[in-house]
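Hydrogens, waters and symmetry mates play no part in the numbers below; they use all other heavy atoms, side chains included. The residues of the chain are indexed from 1 along the displayed sequence.
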Amino acid sequence: MIVQDNKYVCTAKELSNMIAKRILTEKPGETDFTTVNFSLLSGGYDGKTEPEVLASGAEGWYGIRKIDTGFDDNGLTLCSNYYGGGYPQFGYFFEGCSEKQIEDTIFLMIVNTLYYAEGTAGPMLISETVYEPKAKK
């Protein structure tokens with residue numbers, strides 16, 4: 001994974017691992033989850049281009065967002081979709097989920113959204129997020 005500020009060049013597996021770790025810093029239902037955006041690097045990654053440059057030229061952005069279902073439960077519901085709609089994938093996480101369960105579910109959300117939209121999940125992604133963990137009380 002290549003990191004520059006809030007931009008990442010990574011695989012879908014690396015991105016799902018990063019998101020799973022973030023969710024587990026708090027209880028899933030109390031996570032202040034901010035949107036994670038990602039785009040397929042169809043030309044691959046040359047190992048030299050900075051993430052900021054890749055992000056500025058990326059086309060076909062997707063996102064993972066928190067959904068408020070309004071059902072007053074203690075879980076976290078996420079949706080992965082294309083910014084134009086049409087390829088939603090959902091994940092639900094509750095207290096007691098393991099990091100592996102969360103990571104595997106998010107991985108499938110990312111891969112399925114990309115596969116349905118692009119016909120491939122591709123080897124590399126450019127991702128961006130603005131995430132600041134809650135201050136510990």
Side-chain angles (χ1 to χ4, degrees):
M1 180 182 296
I2 310 296
V3 179
Q4 178 187 32
D5 299 322
N6 65 333
K7 310 245 183 328
Y8 309 87
V9 176
C10 56
T11 64
K13 191 71 171 168
E14 290 170 329
L15 182 58
S16 61
N17 179 267
M18 179 190 75
I19 295 169
K21 287 182 186 309
R22 181 193 328 172
I23 290 170
L24 286 174
T25 60
E26 301 158 2
K27 294 179 183 176
E30 296 174 6
T31 299
D32 187 19
F33 190 88
T34 56
T35 301
V36 176
N37 299 310
F38 58 96
S39 181
L40 186 63
L41 289 178
S42 55
Y45 180 56
D46 62 11
K48 300 173 188 168
T49 308
E50 293 184 357
E52 183 72 38
V53 173
L54 291 170
S56 68
E59 295 181 19
W61 282 95
Y62 301 80
I64 299 176
R65 292 177 173 244
K66 179 179 178 178
I67 298 173
D68 181 2
T69 61
F71 291 117
D72 196 29
D73 64 34
N74 293 327
L76 171 65
T77 304
L78 298 180
C79 178
S80 173
N81 203 352
Y82 174 63
Y83 282 106
Y87 309 100
Q89 297 291 306
F90 299 91
Y92 179 75
F93 311 100
F94 52 90
E95 190 172 350
C97 281
S98 71
E99 182 176 331
K100 179 156 180 37
Q101 289 171 312
I102 295 170
E103 182 179 335
D104 288 350
T105 299
I106 292 171
F107 176 76
L108 288 174
M109 290 169 62
I110 293 169
V111 168
N112 287 338
T113 298
L114 286 171
Y115 185 76
Y116 293 136
E118 304 281 347
T120 181
M124 298 299 289
L125 306 172
I126 181 72
S127 176
E128 62 183 3
T129 185
V130 179
Y131 174 66
E132 297 176 17
K134 287 184 192 176
K136 296 289 180 187
K137 294 178 184 179

Legend entry - Any side-chain heavy-atom pair of Leu15 and Met1 under 4.5 Å: no
Legend entry - Candidates Val36, Ile64, Leu108 - the one meeting side chain to side chain contact (heavy atoms under 4.5 Å, CB included) with Ser80: Ile64
Inset, instruction - Measure the spacing between CG of Leu78 and CD of Gln89 and express it to the nearest 0.5 Å. - result: 12.5 Å
Inset, instruction - Give the cluster check for Leu24 versus Ile110: same hydrophobic cluster or not, with ILVMFWY residues linked at side-chain heavy-atom distances below 4.5 Å. - result: yes
Inset, instruction - Flag the pair Phe93 / Gln101 as yes when at least one side-chain heavy-atom distance between them is below 4.5 Å, and no otherwise. - result: no
Inset, instruction - Please tell me if the side chains of Pro51 and Val3 come closer than 4.5 Å, counting only heavy atoms from C-beta onward. - result: no
Inset, instruction - Return the set of residues passing side chain to side chain donor-acceptor pair (under 3.5 Å) with Asp46 (not counting sequence neighbours), or none when no residue passes. - result: Thr49
Legend entry - Partners passing side chain to side chain donor-acceptor pair (under 3.5 Å) against Asn37 (at least two apart in sequence or in another chain): Tyr83
Inset, instruction - Please round to the nearest 0.5 Å and tell me the distance separating atom OH of Tyr8 and atom CG of Leu54. - result: 15.0 Å
Inset, instruction - Write down the atom of Val9, the atom of Glu14, and the distance for their closest heavy-atom approach. - result: O-OE1, 4.5 Å
Inset, instruction - For Thr129 and Thr35, indicate whether the former's side chain and the latter's backbone hold a donor-acceptor pair under 3.5 Å. - result: yes
Inset, instruction - Kindly write out the residues that satisfy side chain to side chain donor-acceptor pair (under 3.5 Å) with Lys100, not counting sequence neighbours, or none if the list is empty. - result: Asp104
Legend entry - Value rounded to 0.5 Å, distance of CG in Asn81 from CE in Met109: 9.5 Å
Inset, instruction - List the atom of Lys66, the atom of Phe33, and the distance in Å for their closest heavy-atom pair. - result: N-CD2, 4.0 Å
Inset, instruction - Could you check if a side-chain atom of Leu41 sits within less than 4.5 angstrom of a side-chain atom of Leu125, using non-hydrogen atoms only? - result: no
Inset, instruction - Return yes if some donor-acceptor pair links the side-chain N/O of Glu103 with the main-chain N/O of Ala20 below 3.5 Å, else return no. - result: no
Inset, instruction - Could you walk me through whether Glu50 and Asp5 pass the side chain to side chain contact (heavy atoms under 4.5 Å, CB included) test, one step at a time? - result: CA-CA 11 Å; Glu50 293 184 357; Asp5 299 322; over 6 Å; no
Inset, instruction - Indicate if Phe107 and Met18 have the same hydrophobic cluster label, given that clusters are the connected sets of ILVMFWY residues with side-chain heavy-atom separations under 4.5 angstrom. - result: no
Legend entry - For Val111 against Ala12, the heavy-atom pair lying closest together: CG2-CB, 4.1 Å
Legend entry - Interatomic spacing from CD1 in Ile102 to OH in Tyr92 - rounded to 0.5 Å: 11.5 Å
Legend entry - Heavy-atom check, side chain of Val53 versus side chain of Gln4, under 4.5 Å: no
Inset, instruction - Decide whether Tyr82 and Tyr115 are clustered together by the hydrophobic rule: side chain heavy atoms of Ile, Leu, Val, Met, Phe, Trp, Tyr closer than 4.5 Å, transitively. - result: yes
Inset, instruction - For Thr69 and Thr77, test the side chains for any donor-to-acceptor distance below 3.5 angstrom and give the result as yes or no. - result: no
Inset, instruction - Measure the spacing between CG of Leu40 and CD of Glu59 and express it to the nearest 0.5 Å. - result: 11.5 Å
Legend entry - Heavy-atom side-chain contact between Ile126 and Tyr45 under 4.5 Å: no
Inset, instruction - Specify whether Tyr62 and Phe38 have parallel, tilted or perpendicular ring planes, treating 30° as the upper limit for parallel and 60° as the lower limit for perpendicular. - result: parallel
Legend entry - Minimum heavy-atom distance between Gly60 and Ser39, given as atom pair plus value: O-OG, 3.4 Å
